[in-house]
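What follows is one structure encoded as structure tokens, with my remarks underneath.
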Amino acid sequence: MSERNAFLFEVAPHHDARLPEVGHGLGRWRASLYLLLAVLLSAGVILVPLCATVVISFSEGAAGYDVLLSDQVRQSLGNSFLWLVLAVVVCAAGLGLAWLTRGADPALSSVLRFLLVLPAVVSPLTTGAIFRLLFDTNHQRGLVNAVLGTDVAFLGPVWIWLVVGLAFVWQWGGVAFLVFHEALARLPTHLLRMTRAFGVRRQRRVWSVVVPALAGPAALAYLFALVAAARVFDMVLMAAPGSVQAEVEGGGLFWWRHHGDLGAARASALSVGLSLIVAVMAAPALFGLRMRGSRPEPVPGPAPRRSWRVRLLCVAISVVWVLPFAVLVLTSLRDPTAAALSGWWSGGPWTLGSYAQVLTDGGFTGAFATTLLRAVVVVGLVLLAAVPAAYVLAHERLMPRRAWRPALLVAVALAALPPQAFAVPLQRWLSPVIGTAPALTIVHAALVIPLAVLVLHNAFLRVPAPMLARDRWELVHVVREARPAVVLAAVLAFVLVWNDMIVGLLLNWPAGDHLPLILLEESRHFMSAAATLAAQSVIATAVPVIMVLATRRRLYQGLTQGVRG
């Protein structure tokens, strides 16, 4: 080590906020009980069926994997890879937005954070519908073509990737922005100034100071986007017309369409291939999540210049993020016939007729109530399993390093695993035994628990040691200090269940009482039912939006800090 590097190593802070190594009666056996529910759900619903899928894929020997050589399968798996690459684009977009707006006024920054995060709680079906309205080929209906004054085939094979890519970035870029916005605010600028004063090259400064500071936030933002990309399904069904869906459908959607024709062995082989792609892409998330340490505290430095350019940029970004919501609401308020023939800018007649039709539809209101009840039950089950499991993973004395690292790796893999990987065994075993409604609830909870454990684990690591009681009630104190992360985990569980369509469809359960399936049914006649579909989407979106409004302070802290500020 050179003198310069040795000096930098000495001055760099080495935070250690791990929970203290003080015994207080919570031994390994009791720790195992804390892990029991999370392990049972994860193993019973995900791991065991996943192993069964692998076994089924070899039921005809290696011949089942010949399916991966098919041109259609290779295209769908290639599309899956492109969707996963979009997760990287989301992180880059979030980092870029955070960097460009880092000098914004506090009030403007608060508005920007709220507006950019809102799309993340919108159903992918709704996002697909919005961008299909925006990019309709007919300039009389599509806003983008109306602005251009032409009829570009945005929903055709040449431009469809642009449409769905923009939709995906719009939906998830705000989460990445929020995470990086906080990370940049806590960047150890004093170290950067010190390294610059000692003549350390820019590349070395970036790798020694900036990358370690952003690794954890980047891993969290990437994991959220990766989960969405790995399970992308309904956005394609809604945004892309049927004639071009093959251009952008991933392996999961292809599996749903063709698994009956492929046979059990080949369908399982396709699931295994898709899972391996996701696992490889999820591996980088472990780099940032495995770091045990506290978030760096900000050191006062020169106040950023709040120029008119930054203010103008923030306003422009806000308008861009609000525009899709405005398109949806205005379409829902138009007469259904007018909405089918022209865009919202053409004027009235304006009416609440579509809302009246939706609210008097027993199928929609029944699915609304059932989905709400199911989401609440799943939230309770997820917290009951994830909180004690994350607590144990945050304690090296309870979970030794040789066991902790593999456990964290498994949690990352399970968080991003597509449901296609275990759909066939569950279809055969779970639903016939316990019934449809309990099966749906259990599967939804099992899919959310790994992600909730990762969020809570990172927060529990950051609980300052002096805050802990160091007794049998330590878990209670940890949860109290990490309430923002607990709120985040609860909101995540609710939103993922509320917006989910893939579980019922993939597992072939009669889940017609789930709200997103009602929206999918309405989309079969997209243009003629545009106003009704928009009204359904607005009502469905209102619930998670109200939840974000009610919890936004804790939610933002949970995403960025994990503990009380």
Side-chain angles (χ1 to χ4, degrees), residues 15-43 46 216 219-220 223 286 288-295 378-415 445-493 554-555 557-564:
H15 299 283
D16 188 0
R18 291 174 291 182
L19 302 183
E21 301 288 333
V22 178
H24 51 65
L26 183 62
R28 296 290 173 84
W29 284 106
R30 188 175 171 187
S32 300
L33 292 177
Y34 278 28
L35 290 169
L36 184 60
L37 183 56
V39 171
L40 285 178
L41 286 172
S42 298
I46 301 179
L220 185 62
L223 187 61
L286 188 64
L289 294 175
R290 71 182 182 179
M291 294 184 176
R292 289 178 175 262
S294 67
R295 54 188 172 91
V378 169
V379 168
L381 191 56
V382 167
L383 293 182
L384 188 63
V387 168
Y391 170 71
V392 171
L393 287 176
H395 290 71
E396 284 193 356
R397 67 177 182 275
L398 302 176
M399 178 67 68
R401 185 174 297 272
R402 64 179 180 274
W404 168 75
R405 291 188 182 277
L408 195 60
L409 177 62
V410 170
V412 170
L414 294 184
L447 286 172
V448 179
I449 284 172
L451 186 59
V453 167
L454 292 172
V455 169
L456 293 169
H457 164 265
N458 279 355
F460 289 172
L461 282 175
R462 292 182 172 91
V463 174
M467 298 291 184
L468 301 179
R470 304 184 184 183
D471 58 21
R472 68 179 63 185
W473 301 107
E474 184 179 296
L475 175 57
V476 176
H477 296 287
V478 170
V479 171
R480 184 184 62 188
E481 294 301 317
R483 272 182 294 180
V486 176
V487 171
L488 173 61
V491 172
L492 274 175
R554 296 294 185 190
L555 195 63
Q557 288 179 338
L559 272 170
T560 57
Q561 303 174 28
V563 296
R564 294 192 295 180

> How close do P388 and L383 get, heavy atom to heavy atom, and via which atoms?
Replying inline: CD-O, 3.9 Å
> Which heavy atom in A415 sits nearest to a heavy atom in P450, and how many Å separate them?
Replying inline: N-CB, 3.7 Å
> CG of L40 to CD1 of I449: how many Å apart, nearest 0.5 Å?
Replying inline: 10.0 Å
> Roughly how far, to the nearest 0.5 Å, is CG of L220 from CG of L454?
Replying inline: 9.0 Å
> Do L492 and V382 have side chains that get closer than 4.5 Å, going by heavy atoms?
Replying inline: no
>> Once side chain to side chain contact (heavy atoms under 4.5 Å, CB included) is applied, do any residues pair with A390, and if so which ones, sequence neighbours excluded?
In response: V453, L456, H457, F460
> Under a 4.5 Å cut-off applied to non-hydrogen side-chain atoms, are R462 and N458 in contact?
Replying inline: yes
